[in-house]
Amino acid sequence: MAKDKRDKGVYYITTPIYYPSANLHVGHTYCTVMADAMARFKRMTGYDVMFLAGVDEHGQKIQKIAQEKGITPQQHVDEIVLSIKELWKTMEISYDDFIRTTEERHKKRVQAIFKKMYEKGDIYKGEYEGLYCTPCESFWTETQVADGKCPDCGGPLDLAKEPAYFFRLSKYQDRIIELLKNNRGFLKPDSRRNEMLRFVEQGLEDLCISRSSFDWGIPVPIDGSQVIYVWLDALSNYITALGYPDNTSKYEKYWPADVHLVGKEIVRFHSVIWPAMLMSIDEPLPLQVLGHGWLLLEGGKMSKSKGNVVDPVKLIERYGVDALKYFLLREYSFGQDGLYTNEVMLTRINSDLANDLGNLVSRTVSMIEMYNGGEIPPAGIEEGPDADLKKTAVAAAGKVEAHMDRFAFNCALDEIWAVIRRTNKYIDETAPWLLEKDEAKRGRLLAALHNLAESLRIISILICPFMHNTADKIRDQLGVGGEAAAWEDSKVFEKIGSAGPVRVKKGKVIFPRINISKELSRLEEISSGGAAAGEETGKEYPEQKPEIEYDDFAKLDLRVGEIEKAEKHRGADKLLIFQVKMGNETRQVISGVADNFKPEDCVGKKVVVVANLKPRMLRGQESKGMLLFADDGEGFAFVTADASHGEIVS
Ligand code: MSP
């Protein structure tokens with residue numbers, strides 16, 4: 001018998017085992033990404049984690065699809081399972097085991113579980129006559145069905161009439177009611193618990209647990225003419241993967257599961273049928289079942305059977321794994337449904353990843369390179385906003401832990417972004433580019449650079465469970481890529497450089513800004529089958545303008561200036577007003593880039609100015625000259641100037 005192991009440092013988390021009926025869509029990745037983030041978080045915070053994923057390969061639905069394709073069910077599942085495993089590999093899902101229900105280890109154990117239930121007197125033979133939903137693999141009685149449609153998916157129901165074995169589910173009704181009533185943590189969110197309680201209180205009927213009208217399943221051990229009902233087969237995976245009942249070392253260690261993460265539509269199977277099965281074989285119940293909400297598209301739930309799905313592979317190809325993971329975890333609230341649109345996703349990536357995080361990394365590393373030769377300075381005297389920055393940074397880990405306890409991934413990320421935003425604000429408050437101009441302020445400049453690097457080091461640890469590739473990239477740029485990111489190190493400030501000098505090294509932009517309107521049309525084209533596979537992602541240069549003569553170009557007087565101030569034009573949404581310092585003169589230049597850049601991100605940039613452009617009044621403000629921007633295939637980018645002047649050695 002397994003033990004209560006809540007305080008023993010092990011953590012067992014599972015996802016549903018998905019049907020390999022077709023390739024998975026973003027809705028499935030949502031659940032698996034949450035489980036992965038939790039597993040990584042638990043590992044980082046000191047737990048011995050068992051994270052189980054897998055596929056549910058039997059049943060009438062799979063048999064039907066294979067028949068339609070003219071191949072065997074085994075051929076069909078082998079093909080799809082390959083693509084599912086490939087997807088998880090691309091997404092770096094850190095599962096510890098992947099169970100296929102067609103594996104021998106699973107089949108023999110399911111038969112053993114069936115036998116135990118039979119020997120307990122909980123299984124009897126009868127005849128099933130009722131309704132069946134093949135996509136949901138669900139039995140329904142006339143009373144449960146209002147309009148002839150499946151109460152879960154709304155699809156058509158088939159009549160099933162066949163000899164079958166039944167599980168005495170009704171026998172466990174009172175214990176299930178007690179479980180749902182008294183163990184308030186067992187099923188979350190509370191709305192699901194109330195819904196299930198109402199369902200069970202209406203009375204549980206015995207459950208048909210075998211089928212004889214098709215054969216794609218695990219044979220009933222006591223009757224070769226029947227296969228075991230796919231849900232009994234599938235639910236057992238959570239313990240067969242641990243070796244139950246014949247090889248119990250993992251089972252002893254990890255069972256009961258800390259959490260079964262499942263979509264809300266299968267909460268009924270996990271909080272009623274699964275506990276009753278475990279009661280029947282006298283094994284402990286999982287500690288918690290968590291029912292998450294659905295990703296909806298306009299028009300309803302994203303689902304394979306409806307065909308209205310978003311392909312995660314396409315999104316990953318274009319924006320990367322971390323951007324997709326971040327978006328899924330940050331945008332939606334656990335337990336609630338959320339609407340998926342490309343625009344919401346792209347806006348989220350631009351604002352949080354390209355602007356907030358990406359800019360922080362590149363500004364911090366650039367300034368340390370420019371102002372201190374690339375070496376992170378030691379800690380300095382605390383002044384001004386330093387205390388608030390430190391307090392915000394070191395307090396974040398504890399807040400993240402509290403949110404993760406509730407599976408509130410969005411709130412956990414919000415806490416981390418509060419540190420990112422605080423650090424960006426710190427750059428504006430300390431304005432290192434101004435400190436650099438005054439030798440007397442060198443000490444302050446170095447202290448500020450240290451604090452920026454330190455805050456970024458903390459951020460690189462905090463984001464690890466959610467986007468570990470980005471964490472690695474940041475840590476490489478910061479020069480701490482060699483050390484493992486340890487969670488506890490995010491709770492101390494002034495650690496960077498304590499064991500010897502650390503040098504930053506500028507790398508690629510971690511999240512390139514996306515031109516949203518262009519990208520939306522690309523995605524439209526792709527979903528209507530327009531894009532060539534393997535095309536280069538995200539980049540598309542506009543058509544080249546007609547050739548010009550050298551003399552045309554020679555008329556331009558190009559000068560380098562530094563943006564000292566940037567603000568929105570009060571009278572025009574699209575315009576930014578820049579104050580650009582060029583030698584002894586500061587010029588006001590206005591550009592139509594308010595949709596592309598945040599004013600605060602422009603300050604400090606060394607830009608190229610067309611100095612001799614005829615001045616113009618733009619909505620009541622004079623613009624003297626023009627800043628140069630160029631299209632880098634992903635949208636507007638500042639044409640910036642390298643401050644070095646190149647030496648010619650003769
Ligand atoms: N095979 C069963 C599960 C057996 S578990 C012992 C099954 N498979 S499924 O392929 O239909 O996957 C269902 C799960 O996929 C949902 O519970 C949910 O976790 C996830 N999702 C499927 N569509 C989804 C959305 N549109 N949105 C969010 N999650 C979605 O049921």
Side-chain angles (χ1 to χ4, degrees), residues 13-36 38 52-62 65 77 80-81 83-84 87-88 93 98-102 106 110 113 133-138 150 152-153 155 192 217 228-241 257 259-275 277-278 286 289-312 327-329 331-341 407 409:
I13 181 167
T14 68
T15 63
I17 50 171
Y18 304 113
Y19 292 123
S21 46
N23 288 342
L24 300 186
H25 57 70
V26 155
H28 304 102
T29 65
Y30 172 53
C31 180
T32 297
V33 161
M34 286 192 280
D36 182 60
M38 185 53 81
L52 179 66
V55 277
D56 184 1
E57 303 179 271
H58 293 126
Q60 195 167 0
K61 170 161 64 178
I62 300 283
I65 293 171
V77 292
I80 305 281
V81 171
S83 83
I84 293 177
L87 175 64
W88 295 155
I93 299 301
F98 184 94
I99 186 154
R100 295 187 58 170
T101 56
T102 51
H106 176 74
V110 170
I113 292 167
C133 173
T134 308
C136 298
E137 301 281 11
S138 236
C150 170
D152 275 350
C153 73
R192 302 269 122 76
I228 296 175
Y229 173 43
V230 65
W231 269 102
L232 193 110
D233 164 353
L235 288 163
S236 305
N237 93 89
Y238 301 129
I239 56 176
T240 62
V259 58
H260 292 314
L261 203 57
V262 300
K264 63 180 184 179
E265 81 291 1
I266 56 173
V267 157
R268 186 167 56 92
F269 296 95
H270 286 80
S271 61
V272 178
I273 298 175
W274 178 225
M277 284 170 63
L278 289 163
V289 174
L290 283 182
H292 67 79
W294 289 338
L295 295 197
L296 309 173
L297 288 178
E298 270 145 19
K301 184 185 177 225
M302 195 184 296
S303 91
K304 285 177 284 193
S305 42
K306 281 196 198 164
N308 62 342
V309 298
V310 174
D311 182 353
F327 163 69
L328 292 171
L329 295 168
E331 190 65 36
Y332 303 103
S333 299
F334 192 94
Q336 287 168 23
D337 291 351
L339 189 68
Y340 173 92
T341 70
F407 277 71
F409 299 96

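Both counts, for ligands and for their atoms, begin at 1 and track the order of listing.
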Looking only at distance, does [X] have an N or O less than 3.5 Å from an N or O of ligand 1?
{"X": "Tyr18", "answer": "no"}
{"X": "Ile17", "answer": "yes"}
{"X": "His270", "answer": "no"}
{"X": "Gly27", "answer": "yes"}

Heavy-atom side-chain proximity of [X] to [Y] below 4.5 angstrom:
{"X": "Val262", "Y": "Leu290", "result": "no"}
{"X": "Tyr340", "Y": "Leu296", "result": "no"}
{"X": "Phe409", "Y": "Val33", "result": "no"}
{"X": "Thr29", "Y": "Leu87", "result": "yes"}
{"X": "Pro286", "Y": "Leu278", "result": "yes"}
{"X": "Val77", "Y": "Arg100", "result": "yes"}

Where ligand 1 meets [X] - atom numbers and elements under 4.0 angstrom, heavy-atom basis:
{"X": "Gly293", "answer": "28 (C)"}
{"X": "Trp294", "answer": "27 (N), 28 (C)"}
{"X": "Asp56", "answer": "1 (N), 2 (C), 4 (C)"}
{"X": "Glu265", "answer": "13 (C), 14 (C), 16 (C), 17 (O)"}
{"X": "Cys31", "answer": "19 (O)"}
{"X": "Ala234", "answer": "6 (C)"}

Mind checking whether [X] contacts ligand 1 via backbone (N, CA, C, O), side chain (CB onward), both or neither, at a 4.0 Å heavy-atom cut-off?
{"X": "Trp231", "answer": "side chain"}
{"X": "Leu295", "answer": "both"}
{"X": "Lys264", "answer": "neither"}

Parallel, tilted or perpendicular: ring planes of [X] versus [Y], cut at 30 and 60 degrees:
{"X": "Phe334", "Y": "His292", "value": "perpendicular"}
{"X": "His25", "Y": "His28", "value": "tilted"}
{"X": "Tyr18", "Y": "Trp88", "value": "tilted"}

Check for me whether [X] has a heavy atom closer than 4.0 Å to any atom of ligand 1.
{"X": "Cys136", "result": "no"}
{"X": "Glu137", "result": "no"}
{"X": "Tyr238", "result": "yes"}

| Distance only, no hydrogens: is a donor on one side chain within 3.5 Å (strictly under) of an acceptor on the other, for Arg192 and Ser271? | no

| said: Regarding Thr101 and His106, do their side chains bring together a donor and an acceptor under 3.5 Å, going by distance alone? | reply: no

| Heavy-atom proximity to atom 18 (C) of ligand 1, best of Glu57, His292, Met34 | His292

